[in-house]
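Just so it is clear, the values below take in all heavy atoms, side chains as well, and ignore hydrogens, waters and symmetry mates.
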Amino acid sequence: MSSNHDLDIEEKIASLIGAFSHKREVILEVLKRNNYGIDASALELSEMPVIEQPPSHQPPQFRQSNNNNYPSTFSNRQIPQQPPQYQQYHQTQQQQQQQQQQQQQQQQQQQRPPQQPQQQQQPQQQDKERSELIKDIENLIGNNSLDQSTIYAVYQQSNKSIDQTIKTIKELTFDPNEELKKIEAEIEMRKKEEEAILEAKKQKEKQEKELKLTELQQKQHAERLEREKQQRLREEYERRLNMELQKKLEIERQEQELARRKQLELEQIMILKKQEEEGLRILQEQREHQEKVRLAKEKEEEIKKRTQEEEARRSAVRAQEIARMSKQQQLEEEAKRLEQQKRQEAEFILALETKSKEANLMQQQAFYLKQKEQENLQLIEKQKKEIYENQIQIDILKLKELESQNQSKSMLEKAQQEIQELKKKLADGESKFNQETVKKTSDEEELKKQIQELEQQKDILRRQIQELEVVQKPRLEQLEQELKNKELELHNTIISNQVSLASSLEENSTDTIVVHWNLENKFEDGAPYWIGVFPTHQPKNDRYFSFKHIEGKEGLVSFPFVIPGHYEARLFKDKYTLIQKSSSIQVGPSVTLSAHVIGDEISVTYKVNSESGANVKDWIGIYHPAQRNKHYIESLYASISGTITFKSPRIPGLYEIRYFLHPTKYNEQAKISFEIIDNDKIQIVSESQSCLTLSPDQNFDVEYVVNTTAPSSSDWIGIFPVDEINNKHYIHSKYTSSAATGRLSFRAPLKTGDYEARFFSYAKGKYIAHKVSNKFSVFPQSN
C-alpha cells in the first residue's frame, strides 16, 4: 500500500511540475499542507510567486525509484510523447509567469498580502458569464477532478483561451495509469479489431470453402442424381423386361394351367371311365358270383349224389361183410368138423395100435390122413389169411367212409358259408353299385360344370392373350430390335484368337495384379486402348475396379491394392469395344466352406486360411445358382467360431453358399453348392405297410414329416376315400398345431372301402394336397 501511495504522490508532483514553474520541494511542501489534494495545491501554487527559474521545457518524467515493489509498468513502459504545441505553450506560459512575478514584486512592495487573490470581484453579470464559461469548458473536457475556481484560474493564466485552457487542464489532470489503461484498452481494442478482421477473414474463407464445398456437393449431388436417374432408368428397363417376361411366363403358366386343367379333365374322364369299368367289373363280379352260386348248387347236388353213391357202396360193403361173416362161419364149422374128424382119427390110430395086425393099414391110413390134414391146415391158413385181408379192407373202408362223411360234411358247411358270403357280397355290391351310380351321375354333372367353367376361363384367357399380343406387339418388336442391336454389338466385339491377355499376382505383393497383353496384328496406330480389372461376376463393362490406358502392341501393366475377391482383366478399344478377356484370378486368402441341411436349418462351417482368420465384418449369403451377388436369399455376418446357421429356404432344389471377405462388398471369395431334397412324407402307422386293414371305428395313427414348406397353425390332415377328387369332402380332419413333425390319432371310417390321409399346407393353399399317405382298407371283422 505504501508503494502505491508513493506512486500516487509522485504522479501528483509530476503533474504539478508540468503545470507550474515551482521547485519540486515547494510543490511537495504545498501538497503536504493541502493534505495531498491536487486541486487545493494547484490553486495555492497559482497564487504563489515563482522565485527560481522555470523548469525546462521537457515533459514531466517519472522518477526512477529504488523501490522494487513499484510495478514494472511505469519503470519499463515509455510515457507517451506530448503534443507538438507543447513547447509553444510553455514559452507563453513562461512569459505569463514572468509578468506575474513582476506584478507580485510590485504588490510586495505595496505591502499587500501574498494570499490576496489577483482577481477582483466582478459584477453579477460577470459571475454568470464565468459560470457559463466554466460549464462549457467542463462539457468540452468531460469528467475531471478540478473544481471551478481552479478551471477559471487556468483559464486566466491561458490568456482566456479556451483551447489553451483545455490543454492545460488535460496536462494537469494527466494520469499515466489512466493513459496506460486507455492505451492498453486501445491496444486491446486494436487486437480485438485485428482478431475480428482475422476472424472475419477466416469466416469469409470458411464461407468460400463452404460455398465451394456446397458447389462441389451440389455437383456431386447432381452427378449422383444423374447416376441414380440412369440407374432408375436401367432398373425401370430391367423391371419392364422382367414384367414382360413375367407376363410371358404368366401367359405360359396360364397355358400350362389350361393344359393341366385339360389333363385334369382327361384324368377325370379317365376316372369316370375307370368307374364305369369298375361298375362293369362289379357287374361281372355279380355275374361270376351268380355263376359261383350256381356252381355251388351243382356242387351241392353232386355232393348229394356222391353221398347217395357212398350209401350204396356202404350197403354193398355191408352185404360183403355179411357174406364174409357167413363164409367165416362155414369155415369155422368146417374146422370144427375137421377137428372132430381128427379126434376120430386119433381114436382110430389108438385102435390100430392095439391091433398090431392092422398096423400097415393104419399107417397107410395115417399117412393119407396126415396128407389130408396138411391140406386142410393149408386151406385153413389160406382162409385165415383171406379173412385177415378182408378185415383190413373192411377197416380201410370204414376209415374211408368216416373221412368221406367228414369231408362231405365240411364241404357242405363250406359251401353253405360261401353261399352266405356270396349272398352278402352280392347285396353289398348291389348297394355299392347303386351308390356309385348315384355318385357317378353327380360327379358327371360336377365335371360338366367344371368343364364349362374351364371353357369360359379358357375363352377369357384367350381374349387376354389376344389383348396382350395387341398391346405388347410394338414393345416386343422394340425388344427384338434391341436384341438384334445387342447381337450386332456382340458380333463386333468377338474375341480374336490372335489377341492374348493374361493376368497373375505379383510375387512380392499378393494384392497386385499384373496383366500382360499382346495385340499382334489387331494393333492399330493412333487407336486408344485400355485395360480394366473387373470382378469376375460383373457383366457390365463400365463397372470396373480399376483401369489404365496402354500404349504399344505388347507390354505389362500392374494394378496394386486390389481388395480380396475374384477378378479378370478385360482389354478394350476406344470406349467399350471389348477385344479380349483374361482368365479369373483370386486375390486374398482362400476360404474352406461346407454346408449341411439339418431339418429346417442349414449349418455352414467355414475357415479363412490366413493368420488373422475370419473377420466379424465378413458375411455369408445363400443364393440360387443363377442369382447375382446382390440378390441373396438370406445373409449373415461371420463369427470367430467358424460356424453359422441359416433358416432353410425349404423349397427343394440346388443352392449356393457364398463367402465375402471384408472390405469386399459383392465379390465372393469362395462358394459351395448344396441341395435341399424333398423328404416330406405322411403315412399310416402299422406293422405291415404293404397290406393295412382296419375295422370300422378302429383307432389308428398318422405320422408326418414336412420341411419343404413353412409350418403353420392352419396346416391340417384329412382322411379321404382313395377315389375322392374334391379335397373339401373329407371324412375326418385335424390341425397340426404348427408342428413340422408329429403324430395324430384318428378313428377309421364306418363304411367299408379303401382310404388315405392327405397333408394340406396353408402356405400352398388351404385345399391343395401337399402329400398323400399309403392306402388302408376298412372291413368288418369276421366272428
Side-chain angles (χ1 to χ4, degrees), residues 267-268 270-275 277-282 284-286 288-289 417-418 420-436 439-440 443 677-709 711 715-737 739-761 764 766-783:
E267 289 177 357
Q268 290 174 348
M270 292 296 293
I271 289 169
L272 290 174
K273 287 182 179 179
K274 286 181 181 180
Q275 290 176 352
E277 291 175 357
E278 186 69 20
L280 294 172
R281 185 182 62 78
I282 291 169
Q284 185 67 27
E285 287 178 355
Q286 290 175 354
E288 289 177 357
H289 177 65
Q417 189 176 359
E418 286 179 356
Q420 293 294 330
E421 289 178 358
L422 288 171
K423 285 180 180 179
K424 189 175 181 180
K425 284 185 178 180
L426 183 61
D428 292 338
E430 288 176 355
S431 63
K432 190 174 181 180
F433 178 73
N434 293 330
Q435 291 176 0
E436 287 179 352
K439 188 177 179 181
K440 180 181 176 182
D443 289 340
I677 301 171
D678 186 1
N679 290 324
D680 296 356
K681 65 178 181 178
I682 178 173
Q683 63 178 0
I684 309 299
V685 179
S686 175
E687 295 178 358
S688 176
Q689 298 294 335
S690 60
C691 181
L692 186 61
T693 305
L694 301 173
S695 301
D697 205 30
Q698 181 182 344
N699 287 326
F700 67 96
D701 292 341
V702 177
E703 281 187 349
Y704 64 93
V705 177
V706 177
N707 286 320
T708 58
T709 61
D715 296 346
W716 61 284
I717 293 174
I719 307 299
F720 295 83
V722 173
D723 54 357
E724 180 58 62
I725 301 170
N726 194 338
N727 288 329
K728 293 182 180 180
H729 298 164
Y730 53 84
I731 297 171
H732 301 298
S733 68
K734 283 187 179 181
Y735 286 106
T736 60
S737 302
T741 61
R743 175 183 287 199
L744 297 177
S745 296
F746 291 89
R747 300 186 77 86
L750 298 175
K751 292 184 180 180
T752 58
D754 295 332
Y755 298 90
E756 64 188 9
R758 301 175 189 174
F759 185 93
F760 295 87
S761 173
K764 286 192 171 183
K766 189 173 182 181
Y767 293 107
I768 298 175
H770 177 61
K771 289 293 176 181
V772 180
S773 73
N774 51 334
K775 185 178 74 172
F776 67 95
S777 301
V778 176
F779 285 111
Q781 290 183 353
S782 59
N783 296 323

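Here Ile768 pairs with nothing under the side-chain contact (heavy atoms from CB on, under 4.5 Å) rule; sequence neighbours left out. Ser773 is linked by a side-chain hydrogen bond (donor to acceptor under 3.5 Å, both in side chains) to nothing, counting only residues two or more places apart in sequence or in another chain. Take Asp701 and apply the side-chain hydrogen bond (donor to acceptor under 3.5 Å, both in side chains) test, not counting sequence neighbours, and it matches Arg743, Ser745. Judged as a side-chain contact (heavy atoms from CB on, under 4.5 Å), and not counting sequence neighbours, the contacts of Thr741 are Val705. With sequence neighbours excluded, no residue forms a salt bridge (Lys or Arg N to Asp or Glu O under 4.0 Å) with Asp723. The side-chain hydrogen bond (donor to acceptor under 3.5 Å, both in side chains) check on Ser777 picks up Asp754, with sequence neighbours excluded. Applying the ring-ring contact (aromatic ring centres under 6.0 Å, His included) criterion to Phe746, with sequence neighbours excluded, gives no partner residue. With sequence neighbours left out, the side-chain contact (heavy atoms from CB on, under 4.5 Å) criterion links Ser737 to no other residue. For Asn707, there are no side-chain hydrogen bond (donor to acceptor under 3.5 Å, both in side chains) partners at least two apart in sequence or on another chain. Partners of Asn726 according to the side-chain contact (heavy atoms from CB on, under 4.5 Å) rule, which considers only residues two or more places apart in sequence or in another chain, are Glu446, Glu724, Lys728, His729.
Once rounded to the nearest 0.5 Å, the distance linking CD of Gln698 with OG1 of Thr693 reads 9.5 Å. Separation of atoms CD1 (Ile682) and NE2 (His770) is listed at 10.0 Å; rounding is to 0.5 Å. Atoms CZ and CG, from Arg747 and Leu694 in turn, are 11.5 Å apart once rounded to the nearest 0.5 Å. Atoms NZ and CG, from Lys771 and Asp678 in turn, are 3.5 Å apart once rounded to the nearest 0.5 Å. Atom CD1 of Ile717 and atom CG of Leu744 lie 4.5 Å apart (nearest 0.5 Å). Here CD1 of Ile684 is found 9.0 Å from CD of Glu756. Values are rounded to the nearest 0.5 Å.
Scanning all heavy atoms of the two residues, the minimum distance from Tyr767 to Asn727 falls at O-ND2, 3.0 Å. When all heavy atoms of Val778 and Pro749 are compared, the closest pair comes out as CG1-O, 3.5 Å. The minimum heavy-atom distance linking Ala748 with Ser695 is given by the pair CB-O, 3.4 Å. Nearest heavy-atom pair, Pro696 versus Pro780, reported as atom, atom and distance to 0.1 Å: CD-CA, 3.9 Å. Nearest heavy atom pair, residue Pro711 against residue Ala740, reads CB-N, 4.3 Å.
Without hydrogens or angle criteria, Asp715 side chain to Thr736 main chain gives no donor-acceptor distance under 3.5 Å. Checking side-chain atoms of Arg758 against main-chain N and O of Val772 turns up no donor-acceptor pair under 3.5 Å.
Taking the six-membered ring where the residue is Trp, Phe760 and Trp716 present parallel rings, their angle staying beneath 30° rather than reaching 60°.
Taking a 6.0 Å sphere around NZ of Lys751, one finds it holds 12 or fewer heavy atoms contributed by other residues, nucleotides or ligands. Tyr730 OH: 12 or fewer foreign heavy atoms inside a 6.0 Å radius.
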